[in-house]
Structure formats: C-alpha cells, structure tokens
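A quick write-up on the structure given underneath.
Numbers restart at 1 for each chain; the letters A, B, ... are given by sequence-line order, proteins then strands. Below, all heavy atoms of this structure are taken into account, side chains as well, without hydrogens, waters or symmetry copies.
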There are 2 protein chains.
Amino acid sequence: MPGSIQSLERAAAVLRLLAGGERRLGLSDVASSLGLAKGTTHGILRTLQQEGFVEQEPVSGKYQLGAELLRLGNSYLDVHELRARALVWTDDLARSSGEAAYLGVLHQHGVLIVHHVFRPDDGRQVLEVGAMQPLHSTALGKVLSAFDPVARNEVAEGELAALTSRTVTGADDFESVLDLTRARGWGSDLEETWDGVASVAAPVYDRRRMPVGAVGLTGAVERVCDADGIQARLVAAVRDCARAVSRDLGAGRF
Amino acid sequence: MPGSIQSLERAAAVLRLLAGGERRLGLSDVASSLGLAKGTTHGILRTLQQEGFVEQEPVSGKYQLGAELLRLGNSYLDVHELRARALVWTDDLARSSGEAAYLGVLHQHGVLIVHHVFRPDDGRQVLEVGAMQPLHSTALGKVLSAFDPVARNEVAEGELAALTSRTVTGADDFESVLDLTRARGWGSDLEETWDGVASVAAPVYDRRRMPVGAVGLTGAVERVCDADGIQARLVAAVRDCARAVSRDLGAGRF
DNA sequence: GGCGGTTGGTCGGCATTGTCGACCCTCATC
DNA sequence: GATGAGGGTCGACAATGCCGACCAACCGCC
C-alpha cells in the first residue's frame with residue numbers, strides 16, 4: 001500500500017484524540033499528545049475548525065469536536081444499507097420481546113451500534129447509536145467474533161478485560177464460548193458486561209452469505225432469563241429477526 | 001487568516017460530497033466532481049478509508065462514508081454541554097406536552113438537531129439527531145435567526161425556498177416575522193416546512209447571555225394548534241423549558 | 001507591579017510531501 | 001478479442017505543509 005497522506009493521518013489523530021479525551025483540549029495539549037510542533041498542530045486545527053470538524057471555545061481557546069461530524073455521522077446512517085433493511089424488523093423485535101433491540105457492526109476493535117430501538121415501556125432511555133461495545137463480553141460482540149474472521153482477529157489481538165465478575169477473560173475459555181456460539185448459531189451475555197444485564201444476539205448475512213452484522217436485544221436479567229438462561233422465546237425472536245434481515249439483504253432462504 | 005491545509009480541505013470536500021450524493025460514488029465521479037486528478041483523489045480516499053472515515057464496497061469499488069464518522073459524531077454529542085444540560089428538561093417538555101421535543105443549534109446555513117425526544121405515544125418515529133432543518137421556515141430556525149446575529153446573516157445570504165404553500169419567501173415579510181419573534185420571545189411554524197405540521201420554539205442562552213441554541217416541539221397541526229394558532233399552554237411549556245436550560249447553563253434568572 | 005511561566009497564535013525558510021498525468025490492469029460489453 | 005471505462009499505481013517535479021523561533025496576551029506569584 002503506497003504512502004498515505006500525512007496531514008490527513010494527523011488530522012484524524014487529532015479528531016480521535018478530541019473524541020477520546022472527554023473534555024476540551026488546548027492547542028499545547030494536542031501538540032504534545034501527538035508529538036507535533038505547535039505550528040503544525042495549529043494549522044491542522046485551524047483547517048478542521050474552518051471545515052466544521054472542530055469547534056473552539058471563544059473564551060478559553062480550547063478545542064472540541066465540531067457539529068459537522070454529527071451531520072456526517074447521520075449521513076452515514078442514511079446510506080447504510082444494512083441499517084435501512086433492519087429498521088422495520090428490529091422494531092418488530094423490540095415490540096414482540098418487550099426489550100431494547102440493537103443492530104451492531106464490527107468497527108475497529110469493537111461493536112459499533114448503528115441502530116437502537118427503545119424498550120417499549122417508556123422509561124427514560126438514552127440512545128446508543130454511535131456508541132461502541134466490547135467484542136468479548138457482549139452478545140453482539142461474541143456473535144461477530146464467532147462468525148466474522150476479521151472480528152475474530154481483532155478480539156484475539158486485544159485483551160479480554162474483566163468488566164464484571166462474570167466476564168470470560170481466559171483465551172481458551174473464550175475460544176469455547178465462540179465454539180458454542182457457532183454451534184448453536186446465537187450468542188449470549190449473562191452479566192458479563194454490565195451487572196444485572198443480559199443480552200442475546202444472532203448474525204446477519206449479506207447476499208454473499210458473509211456475516212455483516214448482528215442483531216440482538218438487551219435487558220434486565222430478571223426479565224430476559226429463566227432458570228435455564230436466556231428465555232427460549234427471546235432466542236427464537238432474535239434469530240427470526242436476524243434471518244428476516246438477512247433475507248432482506250438478499251441472503252436467500254436458510 | 002493564514003493558509004489552510006489544502007489536502008485537508010479537499011478531504012473535507014470529499015466527505016461532504018459523499019454525504020450529499022445519496023448513493024455510493026466511484027473514484028472517477030469524485031475526482032471529476034471536485035476537479036482533481038484521479039491520483040490525487042485516490043490518495044485522499046485511500047487515507048480516509050484507512051482512518052475509517054470512508055468505506056469501499058469490495059465488489060464495485062465504490063466509496064461511501066465510514067463508520068468512524070458515526071462514532072465521532074456520537075462523541076461530539078457526549079461533549080456537547082448544551083445538550084447535556086437540556087436532556088432532562090426536554091424530556092419533561094415532551095412528557096408534559098405530549099409532542100416530540102427538539103434541541104437545535106446553528107450549523108452552517110441551517111439548524112442542526114442535537115437532541116430529539118420522541119412523542120410519548122409509541123408510534124414508529126425516526127430519530128432526527130444529526131439532521132438539518134432550514135432556518136427560514138422552522139420554529140427553531142426562526143428563533144435562531146431572530147436572536148443570533150450569525151444565523152441572521154446566514155439566512156439573509158441564502159434564499160427563502162418555498163417548502164409549502166405557506167412558507168414565507170419574501171425578504172421583507174421574513175424580516176417582519178423575525179421582528180415578531182423577537183418581540184414575543186418565541187417563534188412558530190404553521191405548516192411552513194411540512195404540510196400538516198406546526199412547531200414552536202424559544203431561545204436558549206449561555207452564561208454570557210448569548211443565544212446558543214433553541215428548544216421547541218413539533219407536532220400535527222390538529223393537536224398543536226387551536227383557533228388562535230399555537231396553543232398557549234404549549235408556548236408556555238416551551239418557554240419554560242428554554243428558561244430552565246438557560247438557567248442550567250448559568251444564564252441566571254430572567 | 002514587575003516577572004517568570006503559561007497559553008494561543010504567527011512567520012519565513014527549507015525540504016518533505018502531496019500533486020499531477022501518463023500508464024497499467026481488470027472487467028464488462030459488443 | 002477488441003474496446004472502453006473504471007479503479008489503481010508510479011515517478012518526477014515543485015508546491016506544499018512542516019518546523020522551530022518568535023509574538024502577544026494572560027495568570028499567579030513573589
């Protein structure tokens with residue numbers, strides 16, 4: 001792969017830095033964090049600001065991400081075929097199951113949520129579209145890791161952080177989890193990511209039968225589980241939904 | 001303003017082009033649209049792809065926006081102070097009014113929706129966070145135009161497109177609308193943007209008493225209006241909400 | 001109130017870096 | 001199998017963006 005454009009790589013690093021460091025950052029912070037000269041950093045920030053990717057607090061001079069990113073992120077969703085096809089099916093899934101439904105795709109070292117249907121009861125819920133979830137502990141992540149070789153590599157290279165006391169952190173144990181996931185065709189997460197929260201997910205395939213994402217639902221363990229783990233009716237609903245979306249994408253019948 | 005970084009400007013233009021042209025674009029399309037050499041364009045696209053801002057369909061070679069934009073756009077929301085403060089108040093607004101609540105800020109030549117609370121009845125609704133609305137025909141836009149000089153300039157430079165038969169398109173007429181908005185402290189939109197839809201909005205101020213955004217609600221004209229226009233109780237609810245958010249931002253009492 | 005130590009921001013010389021356009025390769029189409 | 005259109009590569013050239021020294025404003029501290 002021939003050389004990439006240096007200034008673009010640096011600009012992307014700036015954006016990622018601003019996205020990571022929760023609060024606003026000053027010019028010098030950015031420059032030193034990236035090991036760049038102040039003048040260089042300023043040029044990048046100035047251009048990014050002009051384009052709307054970065055905003056500057058007038059009073060303090062600190063920088064933060066800009067509104068244009070939100071607009072472009074939204075445009076990304078508009079074009080996203082998988083999401084478009086899944087809209088109606090995930091809606092049904094949430095309605096019939098009574099839980100929140102999610103659609104996720106592999107992105108970098110995690111699962112990027114591209115669609116989220118609120119749990120039907122109207123409690124206060126925050127939209128998680130655009131958020132990332134870990135590959136190794138969530139149902140969506142396990143499904144992607146089990147069926148998508150790229151995700152498999154990603155999770156193998158990273159470390160299996162213990163998020164709760166039930167998170168699977170051993171490499172061999174995790175391998176068995178993936179085998180189980182592949183064998184039964186769906187993945188689960190029993191309080192392995194958040195205490196008291198369980199999730200189920202199943203893979204979505206495109207017209208070439210390649211895994212392109214996962215749909216699932218997440219809810220309080222008291223509602224989602226019974227004595228044997230995830231309730232069978234929820235597993236069936238999730239798998240039906242995944243099949244429906246896959247068929248919609250042209251994967252044909254199973 | 002000293003020179004900006006050329007390659008960054010071009011990359012931003014590429015992203016905007018991909019965001020605008022609904023469907024995926026090929027390398028040659030992008031190059032010719034921007035008047036760049038193919039080699040140059042390819043370098044930009046390659047780098048953007050490497051950074052996750054652009055994805056390439058493996059089969060056709062066409063390019064589209066990438067997932068990283070969604071993630072960064074979400075991070076933008078996390079940092080957004082106005083939105084954070086407004087979360088709880090807009091929630092109350094939607095609950096008490098029974099309509100969908102919106103929070104918008106000025107971005108380029110329009111209103112960028114940074115928060116959206118669904119109408120409490122659980123019909124199928126699409127989230128509009130990240131979407132843009134026109135300045136001259138929506139309640140949010142009119143409020144921004146009336147109270148924010150920058151927005152005022154933006155709308156004066158653009159043209160007042162007729163979106164419905166009731167859209168105000170004359171420059172003088174629109175000036176009167178802004179005067180009215182300023183005089184009564186809130187803005188409205190009676191089927192000027194979408195047929196059958198009305199909206200109300202009021203300005204939000206920061207600690208220096210500068211207008212930084214607008215909150216409002218939108219709904220079917222049959223529910224939102226009575227014989228005299230927007231129902232007084234909804235106007236009051238919106239203005240209360242705007243005041244509450246402003247106070248939360250440190251604007252002090254009115 | 002002077003004074004170091006911040007901070008964001010600017011400028012000009014240098015060579016690195018990105019640009020250009022010709023060229024290649026693959027895949028449909030005819 | 002010729003043809004054309006599309007994505008992708010390459011290498012020479014010079015325009016471009018990079019660096020580091022330099023300002024100007026601000027803050028807190030003697």
Side-chain angles (χ1 to χ4, degrees), chain A residues 1-18 21-66 79 81 206-208 210 250, chain B residues 1-18 21-66 79 81 207-208 210:
Chain A
M1 98 191 109
S4 302
I5 295 179
Q6 187 190 46
S7 51
L8 267 185
E9 283 181 334
R10 291 175 168 180
V14 168
L15 290 179
R16 264 193 289 273
L17 182 68
L18 288 175
E22 282 298 312
R23 78 183 178 299
R24 295 169 263 273
L25 293 174
L27 170 63
S28 306
D29 300 330
V30 177
S32 67
S33 296
L34 299 178
L36 296 177
K38 261 197 310 183
T40 307
T41 309
H42 181 62
I44 293 172
L45 282 170
R46 179 175 354 104
T47 310
L48 285 175
Q49 179 183 17
Q50 211 166 292
E51 302 293 335
F53 292 97
V54 152
E55 290 169 4
Q56 185 177 26
E57 189 133 21
V59 45
S60 65
K62 305 264 180 170
Y63 292 92
Q64 63 172 33
L65 294 182
V79 184
E81 186 183 359
D206 69 1
R207 70 197 97 239
R208 289 173 332 210
M210 297 297 291
Chain B
M1 95 191 112
S4 302
I5 295 179
Q6 188 191 45
S7 51
L8 267 185
E9 284 181 335
R10 290 174 168 181
V14 168
L15 290 178
R16 264 193 289 273
L17 182 68
L18 288 174
E22 280 300 310
R23 74 183 183 301
R24 294 169 265 271
L25 293 174
L27 170 62
S28 306
D29 301 329
V30 177
S32 66
S33 295
L34 299 178
L36 297 176
K38 263 199 306 185
T40 306
T41 309
H42 181 60
I44 293 172
L45 282 169
R46 182 181 346 110
T47 310
L48 285 175
Q49 178 183 18
Q50 211 165 292
E51 303 293 336
F53 292 96
V54 152
E55 289 169 4
Q56 185 177 26
E57 191 132 22
V59 45
S60 66
K62 305 263 180 170
Y63 293 93
Q64 62 172 32
L65 294 182
V79 184
E81 186 183 359
R207 68 196 99 238
R208 287 174 333 211
M210 297 296 292

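Atom CG in A:Leu45 sits roughly 9 Å away from atom P in C:dG9 (whole-Å rounding). Computed from coordinates, the A:Arg24 CZ to C:dT7 P distance equals 18 Å when rounded to whole Å. Distance A:His42 NE2 to D:dC22 C1': 14 Å, rounded to the nearest Å. One interatomic measurement links the two molecules: CG of A:Leu27 to P of D:dC19, which rounds to 13 Å at whole-angstrom precision. Rounded to an integer number of Å, the gap from B:Gln50 CD to D:dG8 C1' is 15 Å.
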What nitrogen or oxygen pairs link the protein and nucleotides 4-6 of chain C at under 3.5 Å?
none

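Residues A:Glu81 and A:Asp206 have side chains not in contact (no heavy-atom distance under 4.5 Å, counting atoms from C-beta outward). Using a 4.5 Å heavy-atom cutoff, the side chains of B:Leu45 and B:Gln56 are not in contact. Side-chain contact between A:Tyr63 and A:Val30 is absent, with no heavy atoms from C-beta onward closer than 4.5 Å. Side chains of B:Leu65 and A:Val79 form no contact here, defined as non-hydrogen atoms less than 4.5 Å apart.
Between the B:Thr47 side chain and the A:Leu8 main chain, no donor and acceptor come within less than 3.5 Å of each other.
Rounding to the nearest 0.5 Å places CD1 of B:Ile5 at 10.0 Å from CD of A:Gln6. With values rounded to the nearest 0.5 angstrom, A:Lys62 atom NZ is found 11.5 Å from A:Leu18 atom CG. For the atom pair B:Ile44 CD1 and B:Leu15 CG, the distance stands at 9.5 Å (nearest 0.5 Å).
Using five terminal pairs a side, the axes of the helix from C:dG1-D:dC30 to C:dA15-D:dT16 at its two ends make an angle of 0°, given in steps of 10 degrees.
Heavy atoms of B:Glu57 sit nowhere under 4.0 angstrom from any nucleic acid atom. Here B:Gln56 lies in heavy-atom contact (under 4.0 Å) with sugar-phosphate atoms only.
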Self-check item: Heavy-atom protein contacts under 4.0 Å, nucleotides 17-26 of chain C, coded B base, S sugar-phosphate only, - none
Solution: SSSBB-----
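The listed nucleotides are D:dG7, C:dT7, C:dG9; the one nearest the side chain of A:Tyr63 is C:dG9.
Contact annotation: A:Ser28 reaches the phosphate of C:dG8 (side-chain N/O to OP1 or OP2, under 4.0 Å).
Nucleotides D:dA14 and D:dC18 place their C1' atoms 16 Å apart, quoted to the nearest Å.
With sequence neighbours excluded, the residues that form a salt bridge (charged side-chain N to carboxylate O under 4.0 Å, His left out) with B:Arg16 are A:Glu51, A:Glu68. Applying the side chain to side chain donor-acceptor pair (under 3.5 Å) criterion to A:Gln64, with sequence neighbours excluded, gives A:Arg24, A:Glu55. For A:Ala31, the side chain to side chain contact (heavy atoms under 4.5 Å, CB included) criterion is met by A:Lys38, A:Thr41, not counting sequence neighbours.
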